[in-house]
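All remarks here apply to the structure that follows.
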There are 2 protein chains.
Amino acid sequence: MDDIDRAILRELQTDGRIAYADLGPKVGLSASAARQRLQRLLDSKVVQVVGVTDPMAMGRQSMALLGISVDGDPRAVADVLAQREEVVYMVLTAGPYDLFAEVVCGQPADLLDLVNDVVRPIDGVTGVETFPYFGIHTHRFLWDVG
Amino acid sequence: MDDIDRAILRELQTDGRIAYADLGPKVGLSASAARQRLQRLLDSKVVQVVGVTDPMAMGRQSMALLGISVDGDPRAVADVLAQREEVVYMVLTAGPYDLFAEVVCGQPADLLDLVNDVVRPIDGVTGVETFPYFGIHTHRFLWDVG
DNA sequence: GGGCCACGTGGACGACATCGACCGGGCGAT
DNA sequence: ATCGCCCGGTCGATGTCGTCCACGTGGCCC
C-alpha cells in the first residue's frame, strides 16, 4: 500500500471501469503494472469495484436509519436482519444503541411494516428508534489515507 | 428500468469491471445491447461504478456514526462537514437528530479531535452523539426492487 | 559478489469494446 | 389495415485493450 496504490484507488473512485491503458499512465505506471497492482488490491479485498445504485432513481422513496437496542448478542440480531434485502448497511456500535441498520423501502408503509413486523419481533430486540431520511447529502467510497 | 436493467445492476454488484462480452449473455442480450443499456444507466446516474475500499485494510481503526443536533438549517452544517475527508456519508434525518454523519478516522484520538474540535464548534450544532463501531456487518450496494 | 525476490516493462496474441448498418416490433396517424 | 417512425436489438468490421509471459532492474540478505 503506497502512493501509487492510493492513486489507483482514487482513480477507481471516479470511474471503476477505467481501462488499464488509461489507468497506468494516470498513476505513473505502464498498463501491465497498473493491472497487476489493481489485481492484487482486488485479491486482497482492499478494494472492490461495484455498481452503486441510487435508491431514489430506483423508485425507493422511504429510507431510514434504525438505532436498535438489543438484550443479548447484537450479532445474532444482525445476522437475522442481514437476510432482509431492505437492509443495505449494518454496523455494531457502542453507545446508546447496540446496532445500526440502514434500510431502503419502497413506500413509507413498507418501512413501518418492516420496523414493526420484522425488527421489533426479533428475539432480543428491546427497542428501535427510527430516523427516516429523504436524501443522501454526501457519499464517499474512498477512505483515503490523509 | 426493466428486469434486464436490474439484472445488469445485479451483475455489477458482484463485479463492476465485468466485460460487456460476459455481461450481455448473463442478462440475455448481446454484448452491444448490454453496453448500450449500461451506458444509459451510467449517463442517467442511476448507477455509478466505483472502487469501494475497506477502511480497516487501509489502516483506519476508528469509525463512528455521529448523531448531530442542529439549531437552524442542518444543510449548512452538512455542507461544512462535507469538506472533511473523514466524513464519508451523511444524511439529513427526522427524529431525535437532525443530521447523521459517518466518519472514518485513523486513531481513536483523531475521532475525539474531530468531534470536539471540528463538529461541535460548527455554528448551529447543539449536540453530538457518537456511536463508535469496529466493523461493518453488512454492506450492500444494490437496493434492488423486490 | 551471488542468489533471490519483488516489481516494472515491453511485446505478441487473442479477446474485447466500439461504432455503424441493418432489422423488427410497437404504436400512432391517416 | 397500412404506412412511417422510433426505440431497441443483432450482426459484423476494425482498432483498441486485456492478458500473459519473458526479460530487465534494484533492493536485500546471506
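Chain letters run A, B, ... following the sequence lines, proteins first, then strands; residues in each count from 1.
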Measure [atom1]/[X] against [atom2]/[N] and give the value in whole Å, please.
X: A:Leu38; N: D:dT19; atom1: CG; atom2: P; value: 10 Å
X: B:Gln39; N: C:dG20; atom1: CD; atom2: P; value: 14 Å
X: A:Asp22; N: C:dT18; atom1: CG; atom2: P; value: 10 Å
X: B:Ile18; N: C:dA17; atom1: CD1; atom2: C1'; value: 14 Å
X: A:Asp5; N: C:dA6; atom1: CG; atom2: C1'; value: 13 Å
X: A:Tyr20; N: C:dA15; atom1: OH; atom2: C1'; value: 14 Å
X: A:Leu23; N: C:dT9; atom1: CG; atom2: P; value: 12 Å
X: B:Asp43; N: D:dG8; atom1: CG; atom2: P; value: 13 Å

Charged N to carboxylate O below 4.0 Å: is that the case for [X] and [Y]?
X: B:Asp15; Y: B:Arg17; value: no
X: B:Arg37; Y: B:Asp5; value: yes
X: A:Arg40; Y: A:Asp43; value: no

Determine whether more than 12 heavy atoms belonging to other residues, nucleotides or ligands lie under 6.0 Å from atom CZ of B:Arg120.
yes
Assuming nearest nucleotide by heavy-atom distance, tell me which of B:Arg17 and B:Ile4 is located more 5' along DNA chain D.
B:Ile4
Contacts to DNA chain D from residues 28-37 of chain B, heavy-atom cutoff under 4.0 Å, which residues?
B:Leu29, B:Ser30, B:Ser32, B:Ala33, B:Gln36, B:Arg37
Could you tell me how the ring of B:Phe131 sits relative to the ring of B:Tyr97: parallel (under 30°), tilted (30 to 60°) or perpendicular (over 60°)?
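Taking B:Tyr97 first and then B:Phe131, their aromatic rings stand perpendicular (interplane angle over 60°).
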A side-chain contact here means heavy atoms from C-beta on lying under 4.5 Å apart; do A:Ile122 and A:Leu81 qualify?
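A side-chain contact under 4.5 Å exists here.
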